[in-house]
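Some notes on the structure that comes next.
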Amino acid sequence: MTLVAGGRRSHRIVEGPCGMTAVGIVANPASGRDIRRLVSGASAFPTAEKANIVQRLLTALGTVGVETVLVSVDLGGISAAVLRAVRNRPARSTPWPHVRFVDDDAITDSAQDTANAVRRMVEAGANVIICLGGDGTARVATAALLAGPGYDVPLLSLSTGTNNAFPQMREATVAGLAAGLVATGAVDRGVAAGRARAIEVRTGERTELALVDVAVSTAPYVGSRALWHPDALTELYCAFAEPDATGLSSIAGLLCPSPRDEPEGIAVRLCPAERAPVVVNAPIAPGLVLPVGVAAWRPLRTGEQVEISTPRGVVAFDGERELELAGTTGATVRLREDGPLCVDVTAVMSQAARAGLFRSDRTTV
């Protein structure tokens, strides 16, 4: 890894060990650029804005005493812009933590870059991982955390993708303050972070996790991966379903809302809208509201295992087609309660306010 000193420290690139308190920032350069941009009215998060978000995070993390920030490296220009900002930052500005660019692995311009960066950050001692992307990026980061020693490292997802049901829209400055308070131990982690649910799909030797929803379609191929049209959908399983969400989970959210803190998810059986007993007009993607036919729905209990009844087609995880069903091997769905440990920004900031962590009382003589 390369250490770049920031803030009032030298801008010289040096090698050095990770500080006592570290936070990792993974910024996906490809988030918000899938095919759904061509069929909907979704706005984009340009590279410059992603780099600005990272810089606002650095300011916030430095304010609450984080010593080192580990930043992912990309070919899209985010890490290059952050490096320029570190080198050119005025000396009188709020000091930033030391910035280390995680460049141990070759860049592949694929989801593997996110997985590699998260793994390296955990190995380097990151106390919190901040992830910039959409549902797919958060899912990849979660898989990397749960597969190794990062199981108990909290994740904070910031929305810079197309569909953002799992990452919540937060101003990066406030999110960075919350992440820093968790990383430094200034707040009670038992209150500040909690486990999210996840949906597990098993077929043969393969196991995949979704953070929001699993959708089954009769489409024959993975193709362009992104799923935006409901005509071919047959089954939908949601870890949670919010009525104000965008994406496939909005179908369940508008039928029978299931908040993130509830112990149950939702299972929905879908059919063509023209012969459905119930039709839901759902925001499948930003700027794209379509009628979706619903045959039936019910709660999905934690630990319950359900057989996928569609013999051939594809399975989409958090809106992206990943798995083809050949008809020779069955597949099951199970709602798990041991998903990623997530930072609760509202809970952190409320606890910090009650404790007076941002208050400085002046005494008079």
Side-chain angles (χ1 to χ4, degrees), residues 1 6 18-19 21-29 31-32 45 49-74 78-79 81-82 85-86 96-102 113-146 150 152-161 164 166-187 189 192-194 196 211 339-349:
M1 296 184 186
C18 184
T21 303
V23 170
I25 301 177
V26 180
N28 181 3
S31 65
F45 276 91
E49 176 57 17
K50 293 175 182 177
N52 286 338
I53 289 173
V54 174
Q55 293 172 56
R56 299 202 296 273
L57 289 170
L58 290 173
T59 297
L61 293 168
T63 299
V64 294
V66 173
E67 298 167 288
T68 301
V69 173
L70 312 165
V71 178
S72 60
V73 173
D74 65 280
I78 300 173
S79 55
V82 174
V86 169
W96 280 355
H98 286 295
V99 178
R100 297 179 65 181
F101 290 93
V102 182
D113 294 338
T114 295
N116 289 341
V118 170
R119 178 173 55 84
R120 294 289 187 181
M121 290 171 182
V122 171
E123 291 173 351
N127 304 98
V128 174
I129 300 292
I130 301 175
C131 178
L132 275 61
D135 293 333
T137 308
R139 185 171 71 87
V140 173
T142 292
L145 287 172
L146 298 184
D152 289 322
V153 176
L155 175 70
L156 197 163
S157 297
L158 293 180
S159 301
T160 62
N164 301 284
F166 184 80
Q168 295 182 315
M169 281 289 185
R170 292 279 185 183
E171 163 49 37
T173 310
V174 177
L177 291 173
L181 291 171
V182 174
T184 58
V187 294
R189 205 169 91 157
L211 297 176
L341 188 64
C342 298
V343 175
D344 186 333
V345 174
T346 301
V348 172
M349 298 307 289

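For Asp344, there are no side chain to side chain donor-acceptor pair (under 3.5 Å) partners, not counting sequence neighbours. Annotation: side-chain contact (heavy atoms from CB on, under 4.5 Å) contacts of Thr142 (sequence neighbours excluded): Leu146, Leu155, Leu211, Pro340. In this structure Thr137 satisfies the side chain to side chain donor-acceptor pair (under 3.5 Å) test together with Asn28, sequence neighbours excluded. With sequence neighbours left out, Glu49 forms a side-chain contact (heavy atoms from CB on, under 4.5 Å) with Phe45, Pro46, Asn52, Ile53, Arg56. In terms of the salt bridge (Lys or Arg N to Asp or Glu O under 4.0 Å) criterion, residue partners of Arg119 (sequence neighbours excluded) are, by chain and number, Asp105, Glu123. Asn127 meets the side chain to side chain donor-acceptor pair (under 3.5 Å) test with no other residue; sequence neighbours excluded. Every residue two or more places apart in sequence or in another chain that forms a side-chain contact (heavy atoms from CB on, under 4.5 Å) with Val69 is listed here: Ile25, Leu58, Leu61, Val66, Val71, Pro97. Applying the side-chain contact (heavy atoms from CB on, under 4.5 Å) rule to Ala81 yields the partners Ala51, Arg84; only residues at least two apart in sequence or on another chain are considered. Annotation: side chain to side chain donor-acceptor pair (under 3.5 Å) contacts of Thr184 (sequence neighbours excluded): none.
Checked options Val23, Val187, Val345; the residue passing with Val182 is Val187 (criterion: side-chain contact (heavy atoms from CB on, under 4.5 Å)).
Atoms NZ and CD1, from Lys50 and Ile78 in turn, are 5.0 Å apart once rounded to the nearest 0.5 Å. One distance of note links CG of Leu177 with CE of Met349; it measures 5.0 Å at 0.5 Å rounding. Here the straight-line distance linking atom CH2 of Trp96 with atom NE2 of His98 works out to 14.0 Å at 0.5 Å rounding.
Considering all non-hydrogen atoms of both residues, Ala117 and Ser72 come closest at CB-CB, 4.0 Å. Arg189 approaches Leu341 most closely through the heavy-atom pair NH2-CD2, 3.8 Å. The nearest pair of heavy atoms linking Ala196 to Cys342 is CB-SG, 4.0 Å. When every heavy atom of Ala60 is checked against every heavy atom of Thr173, the shortest pair comes out as CB-O, 3.2 Å. What you find for Val343 and Pro154 is that their closest heavy atoms are CG2-CB, 3.8 Å. Between Val54 and Ala27, the shortest heavy-atom contact is CG2-CB, 4.4 Å.
A distance-only check finds no donor-acceptor pair linking the side chain of Thr114 to the backbone of Ala141 [under 3.5 Å].
At least one side-chain heavy atom of Leu158 sits under 4.5 Å from a side-chain heavy atom of Leu57. Counting heavy atoms from C-beta outward, Cys131 and Leu156 have side chains that stay 4.5 Å or more apart.
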Give the intermediate values and the outcome of side chain to side chain donor-acceptor pair (under 3.5 Å) for residues Thr346 and Arg170. CA-CA 10 Å; Thr346 301; Arg170 292 279 185 183; 2.8 Å; yes
Step by step, would you call Asp74 with Asp113 a side chain to side chain contact (heavy atoms under 4.5 Å, CB included)? CA-CA 8 Å; Asp74 65 280; Asp113 294 338; over 6 Å; no
